[in-house]
Amino acid sequence: MSEITMPDRSGETRWHDDIESISDLIDNIETWHDRRNVSREGRSASRIWFRGHSKTYSGPLRPKVHRDDFIARAGHIFAALPDAQPPLILERHLLKEFRMAGAHHFDAKDVGEVYFTAQHFGMPTRLLDWTTNPLIGLFFAVKDRAHWDEDGQLFVMDALKVLPDITSVPAAQAQYTPTGILTMRDNRIKDAVGYSFWLRPEPILMASGGMLTTLTIDPLIVPVRPDNRPGRIGQQSSCFTLHEVDSRNRVNETLDVFTVTAARKQRLLGDLRRLNINEYTIFNDLDHLSRTVCDSFGLA
């Protein structure tokens with residue numbers, strides 16, 4: 001399993017308010033920058049990522065293929081293959097079906113496009129959703145009527161802090177270790193995604209003792225921005241952490257979570273709609289357009 005966690009802060013004095021208004025959201029983010037020593041300079045906004053949950057999220061931050069229910073199901077289906085990473089095998093079978101049956105909706109030859117599209121339409125992958133827009137993160141924390149009686153959560157982090165400190169990486173690994181947010185076109189992302197489609201990356205050869213040896217690259221949790229295209233990915237200011245096969249857990253010292261007060265969720269949703277953050281502007285399809293129009297007239 002590969003997860004992003006925050007350090008132990010059990011002894012820390014509470015420093016932020018619950019989110020009951022848009023101004024609370026802004027104030028908390030401002031204070032978070034100071035408390036976690038995260039710069040506001042330059043293009044720092046692109047590295048500040050948010051993730052909203054409609055209820056208290058008791059588990060660690062993992063993509064679907066690393067969650068307990070997926071692992072258990074994979075183990076049941078592929079019980080005869082205990083040494084063959086059943087979750088990876090199940091992910092591959094699911095992606096094969098998605099790619100084959102949905103080929104007329106995307107470029108099926110581009111496994112990167114297939115993979116990121118699959119994530120956005122609910123398929124289990126090694127991607128975990130984030131957004132660079134805090135209002136969109138808040139929207140996902142308040143939009144589900146079924147959870148209006150429960151507090152929601154909004155996570156925030158500096159995405160670069162999921163990467164290892166480059167000064168601590170062995171010299172042979174350093175040139176292959178990311179130091180910034182990658183795109184879905186970077187070779188490392190292509191290799192990591194391709195592995196979920198049975199495509200093995202080209203080996204990296206290095207000279208050692210007059211001989212060529214294969215360099216093994218340590219798997220990581222990698223921050224990645226997809227191509228900004230019309231549709232959900234662009235509308236949601238989407239970004240992802242890609243949890244490479246066999247990547248280890250990563251403590252992000254900047255990761256924090258704010259509580260979104262249950263009693264204020266409906267009011268917050270109304271405020272977001274007045275700021276043009278609604279089902280249609282988020283999902284950009286006709287189903288959500290009709291829902292948005294009906295909601296505006298009080299029709300469920």
Side-chain angles (χ1 to χ4, degrees), residues 1-63 66 127-142 151-169 177-183 220-225 236-244 247-261 264 268 272 277:
M1 292 179 287
S2 173
E3 59 195 47
I4 304 171
T5 60
M6 63 181 69
D8 180 13
R9 297 198 181 113
S10 56
E12 183 178 74
T13 302
R14 180 181 172 86
W15 55 268
H16 57 80
D17 297 323
D18 291 347
I19 296 176
E20 298 187 351
S21 67
I22 301 298
S23 61
D24 287 339
L25 170 65
I26 297 170
D27 290 344
N28 282 347
I29 294 172
E30 282 292 305
T31 308
W32 171 82
H33 275 275
D34 294 331
R35 294 286 300 202
R36 304 302 172 219
N37 194 29
V38 178
S39 173
R40 298 179 178 83
E41 299 298 322
R43 298 182 59 198
S44 64
S46 66
R47 59 191 275 186
I48 309 308
W49 292 6
F50 302 88
R51 177 177 172 85
H53 289 264
S54 61
K55 58 182 180 179
T56 300
Y57 191 70
S58 57
L61 294 175
R62 303 175 188 160
H66 285 296
L127 295 169
L128 185 66
D129 293 279
W130 298 83
T131 177
T132 57
N133 188 330
L135 296 177
I136 292 174
L138 182 60
F139 174 83
F140 280 103
V142 303
D151 287 343
Q153 290 183 313
L154 180 67
F155 289 88
V156 57
M157 71 173 182
D158 179 346
L160 291 187
K161 299 302 182 180
V162 301
L163 295 170
D165 181 350
I166 194 65
T167 62
S168 67
V169 175
T177 301
T179 57
I181 296 168
L182 301 184
T183 76
L220 300 173
I221 299 173
V222 183
V224 56
R225 294 286 299 273
Q236 295 176 16
S237 301
S238 294
C239 42
F240 304 91
T241 46
L242 173 58
H243 298 236
E244 296 178 337
S247 57
R248 294 184 293 273
N249 298 344
R250 180 70 180 169
V251 176
N252 186 331
E253 297 289 338
T254 69
L255 180 63
D256 265 303
V257 60
F258 307 129
T259 298
V260 181
T261 306
R264 303 294 288 180
L268 282 165
L272 288 169
I277 305 293

* Taking only residues two or more places apart in sequence, or in another chain, which ones meet H66 in a ring-ring contact (aromatic ring centres under 6.0 Å, His included)? -> none
* Asked: Tell me, do L220 and P164 make a side-chain contact under 4.5 Å, heavy atoms counted?
  -> yes
* Structure fact -> N133 meets the side chain to side chain donor-acceptor pair (under 3.5 Å) criterion, sequence neighbours left out, with none
* **Partners meeting side chain to side chain donor-acceptor pair (under 3.5 Å) with T241 (sequence neighbours left out)** => W130, H243
* Do the non-hydrogen side-chain atoms of V260 and L268 ever get within less than 4.5 Å of each other? -> yes
* Could I get the full list of side chain to side chain donor-acceptor pair (under 3.5 Å) partners for T254, not counting sequence neighbours? => N252
* Structure fact -> The side-chain contact (heavy atoms from CB on, under 4.5 Å) partners of P134 (sequence neighbours excluded) come to L25, I29, F50
* Who passes side chain to side chain donor-acceptor pair (under 3.5 Å) against S168, sequence neighbours left out? -> none
* To do: Only counting residues at least two apart or in another chain, list the ones meeting salt bridge (Lys or Arg N to Asp or Glu O under 4.0 Å) with E30.
  => R40
* Would you mind reporting whether I4 and L255 have side-chain heavy atoms less than 4.5 Å apart? => yes
* Output yes when a side-chain donor or acceptor of N249 lies under 3.5 Å from a complementary backbone atom of E3, and no otherwise. => yes
* With sequence neighbours excluded, residues passing salt bridge (Lys or Arg N to Asp or Glu O under 4.0 Å) with R250 -> none
* Asked: Partners of D27 by salt bridge (Lys or Arg N to Asp or Glu O under 4.0 Å), sequence neighbours excluded?
  -> none
* **All pairs passing side chain to side chain donor-acceptor pair (under 3.5 Å) where residues 151-165 contributes a residue, at least two apart** => R47-D158, D165-T167
* Structure fact -> Residues at least two apart in sequence or cross-chain that pass side-chain contact (heavy atoms from CB on, under 4.5 Å) with T31, listed by chain then number, are W15, R35
* Asked: Can you list every salt bridge (charged side-chain N to carboxylate O under 4.0 Å, His left out) pair that touches residues 15-26, not counting sequence neighbours?
  -> R14-D18
* **Contact check, side chains of H53 and F155, non-hydrogen atoms, under 4.5 Å** => yes
